[in-house]
Number of protein chains: 2
Amino acid sequence: MSKCESCIIREFNSLKSLTREELMRVSACKTGKIYKKGQVIFEEGETLNGVYCVRDGVCKLTKLSENGKDQVVKLVVKGGLLGKRSLVSEQKTNLSAVALNDMEMCFIPKSEIMNDLTKNPKFTMDVLKKMAEDLKVSDESLVKMAQKSVKCRMAEILMYIHDNFGTDDDGYLSIVLSRKDYASIVGTATESAIRILSQFKKEGIISTSGKRIKIEDYRSLRWIE
Amino acid sequence: MSKCESCIIREFNSLKSLTREELMRVSACKTGKIYKKGQVIFEEGETLNGVYCVRDGVCKLTKLSENGKDQVVKLVVKGGLLGKRSLVSEQKTNLSAVALNDMEMCFIPKSEIMNDLTKNPKFTMDVLKKMAEDLKVSDESLVKMAQKSVKCRMAEILMYIHDNFGTDDDGYLSIVLSRKDYASIVGTATESAIRILSQFKKEGIISTSGKRIKIEDYRSLRWIE
DNA sequence: TTTAAAATATGATATTTGTCATGTAATTAG
DNA sequence: CTAATTACATGACAAATATCATATTTTAAA
């Protein structure tokens, strides 16, 4: 397995602020993990004792609502760190993580990285910054969820996936989600999600091929309200 | 004005982790500020160069939605710190803060406290912990907003205010909000908020006196879905 | 205190979204 | 490859929520 010192992924997250020595120590104790599409990485209520660094693939972070429905809180791709909160708090994790396609990750035990968090101010500040940014994004999501229609939220998630995770060679969104996943991101019933996507299709805003979605008219998506 | 070293408020926030010397330095450069009910403390888009420590009163943190409506993201009371994100990021603030009643606060310039953030690991970890907790709460709010009915959200905010901010001598919620504020917390139209509160009143779950609200039947609030 | 403005209240109606039912297409297990 | 399961799709209807109109009450300003 590749060593952290020579792994380019770390440039996308807070691990980039570790010194070469710290990295070598982390590298020595990390374990590689492979997850298949649909596999659960961890579940709400579990005690995480470390962080996962995503090397490849995509996963969703979800939270179970009291009515039994899952709500997708965040999508995480290459470079993302899962379980940051576990470094800071003794509490159990409040989210579940499920692989959306085949994933490759590294697991770094908390015990090993905690020392760096107290000794390396640059690293700490970086984690802090990332968390502050997450918080900002979370606030924005809340406002969207509260103030915008389901149709608008659906348009936004399509643009979000397009802008952040890109498309494949044929122009289809490179992250492939089920209609149920879309429903659980925008917070609506699966049927409603299906209906809205069908409508977008009729209007020529998107086209589909199986589960894959291609944005045909990005401009129109922006104007939906 | 009272000194930070002898101010009990700090026990409720991360400032408690500063050393006596650090506190004295903070105390020397802080400025006291008074805000009247309705007054704007800062607005979305402003550059904050410090944090506010709430000594007395309550304020709401809001974010303007694209449709022009304000969404209340958080209520902050005595002991709360406003503008933590400014310590970590150069970005402009993403929220506005408005006093809900007369407030007393201390403003601590970023320049003064930044040094502590890099030098005092205990303080840094404390800020980190607080932010992680905020993030968790924010996730929970998102799920609530997405999955629960307006009526249920209204019931929850009433219980939240009751549990976290208490009641006055007559049993009325000690935080007094307008119907519009309630609407903007649960993310609905003002009329809908009014209607739901009226309904609660008819059902004997709450009673009101002007804007003031008294919870008469807490148990029933829990069962609303 | 009087008056104007803002907040609260409620009806009528339109729109959005959810739920249930049912059918078809796509995947997966054997 | 076939059967069975799961995902997708759509109609019909119900429920929740928004919007507009219009009083009434409360609050704040002159």
Side-chain angles (χ1 to χ4, degrees), chain A residues 36-39 60 65-71 98 100-102 144-155 157 172 176-203 206-214 224-225, chain B residues 36-39 60 65-71 98 100-102 144-157 172-173 176-203 206-214 224-225:
Chain A
K36 294 219 162 151
K37 179 183 174 182
Q39 205 177 340
K60 59 178 176 183
S65 144
E66 281 172 39
N67 64 18
K69 283 185 190 165
D70 267 326
Q71 174 71 35
V98 179
L100 288 174
N101 47 33
D102 293 353
K144 260 178 222 161
M145 201 58 87
Q147 303 281 352
K148 299 193 169 179
S149 70
V150 174
K151 203 201 285 185
C152 178
R153 269 138 58 194
M154 183 64 83
I157 186 63
Y172 289 92
V176 178
L177 298 170
S178 69
R179 302 294 194 263
K180 197 174 165 192
D181 280 328
Y182 276 108
S184 127
I185 292 172
V186 301
T188 190
T190 306
E191 296 95 321
S192 298
I194 290 173
R195 244 180 267 273
I196 287 168
L197 289 173
S198 296
Q199 196 195 333
F200 285 173
K201 213 157 49 173
K202 267 183 207 141
E203 293 168 350
I206 64 170
S207 63
T208 63
S209 162
K211 309 170 88 95
R212 297 191 309 155
I213 293 177
K214 189 194 291 189
I224 286 166
E225 55 180 25
Chain B
K36 295 218 161 154
K37 178 182 174 183
Q39 206 177 339
K60 58 179 176 183
S65 147
E66 283 171 39
N67 64 18
K69 284 185 190 164
D70 266 326
Q71 173 70 33
V98 179
L100 288 173
N101 47 34
D102 293 352
K144 259 180 221 162
M145 201 57 87
Q147 303 281 353
K148 298 193 170 178
S149 71
V150 174
K151 204 201 283 185
C152 178
R153 270 137 60 195
M154 183 65 82
E156 294 207 345
I157 186 63
Y172 289 94
L173 296 179
V176 178
L177 298 170
S178 69
R179 303 292 194 263
K180 197 176 164 191
D181 281 328
Y182 276 109
S184 130
I185 292 172
V186 301
T188 191
T190 307
E191 295 95 322
S192 298
I194 290 173
R195 244 180 266 274
I196 287 168
L197 288 174
S198 296
Q199 195 196 334
F200 285 174
K201 212 157 49 171
K202 267 183 206 139
E203 291 168 351
I206 64 170
S207 62
T208 64
S209 161
K211 310 168 88 96
R212 297 192 309 156
I213 293 177
K214 189 195 291 190
I224 287 167
E225 56 178 27

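Naming: A, B, ... by sequence-line order, numbering from 1 per chain.
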Under 4.0 Å between a side-chain N or O of B/Arg179 and OP1 or OP2 of C/dA9? yes
Any A/Lys211 side-chain nitrogen or oxygen under 4.0 Å from OP1 or OP2 of D/dC8: yes
A/Lys214 atom NZ, neighbour heavy-atom count above 12 within 6.0 Å: yes
Pick the closest DNA chain D nucleotide for B/Gly187 and for A/Leu197 by heavy atoms, then say which residue is nearer the 5' end. A/Leu197
So which atom in A/Thr188 and which in A/Ala193 form the shortest heavy-atom distance, rounded to 0.1 Å? CG2-N, 4.0 Å
For a quick check of understanding: with a heavy-atom distance under 4.0 Å over all strands, which category does B/Lys69 fall into, base, sugar-phosphate or nothing? sugar-phosphate
Establish, with yes or no, whether the OP1 or OP2 oxygen of C/dT8 is under 4.0 angstrom from a side-chain nitrogen or oxygen of B/Thr190. no
If you check the B/Ser178 side chain, which of D/dG11, C/dT8, C/dA12 turns out closest? C/dT8
Nearest to the side chain of A/Ala189, heavy atoms from C-beta on, is which of C/dT19, D/dC8, C/dA12? C/dT19
I'd like to know if the side chain of A/Arg153 and the backbone of A/Lys144 have a donor-acceptor N/O pair within less than 3.5 Å. no
With sugar-phosphate meaning primed atoms plus P, OP1 and OP2, does A/Ser149 contact a base, only sugar-phosphate, or nothing at under 4.0 Å between heavy atoms? sugar-phosphate
Tell me which one of B/Gln71, B/Glu66, B/Lys69 satisfies side chain to side chain donor-acceptor pair (under 3.5 Å) with A/Gln147. B/Gln71
Using a heavy-atom cut-off of 4.0 Å across all strands, would you classify A/Lys201 as base, sugar-phosphate, or nothing? sugar-phosphate
Please tell me which of A/Gln199 and A/Ala146 maps to the more 5' nucleotide of DNA chain D, matching each residue to the nucleotide holding its nearest heavy atom. A/Gln199
Could you check whether B/Thr188 gets within reach of a base, just the sugar-phosphate, or nothing at all, counting any heavy atom under 4.0 Å? sugar-phosphate
Checking contacts here: which listed nucleotide (D/dA7, C/dT17, D/dT19) is nearest the side-chain heavy atoms of A/Ser192? C/dT17
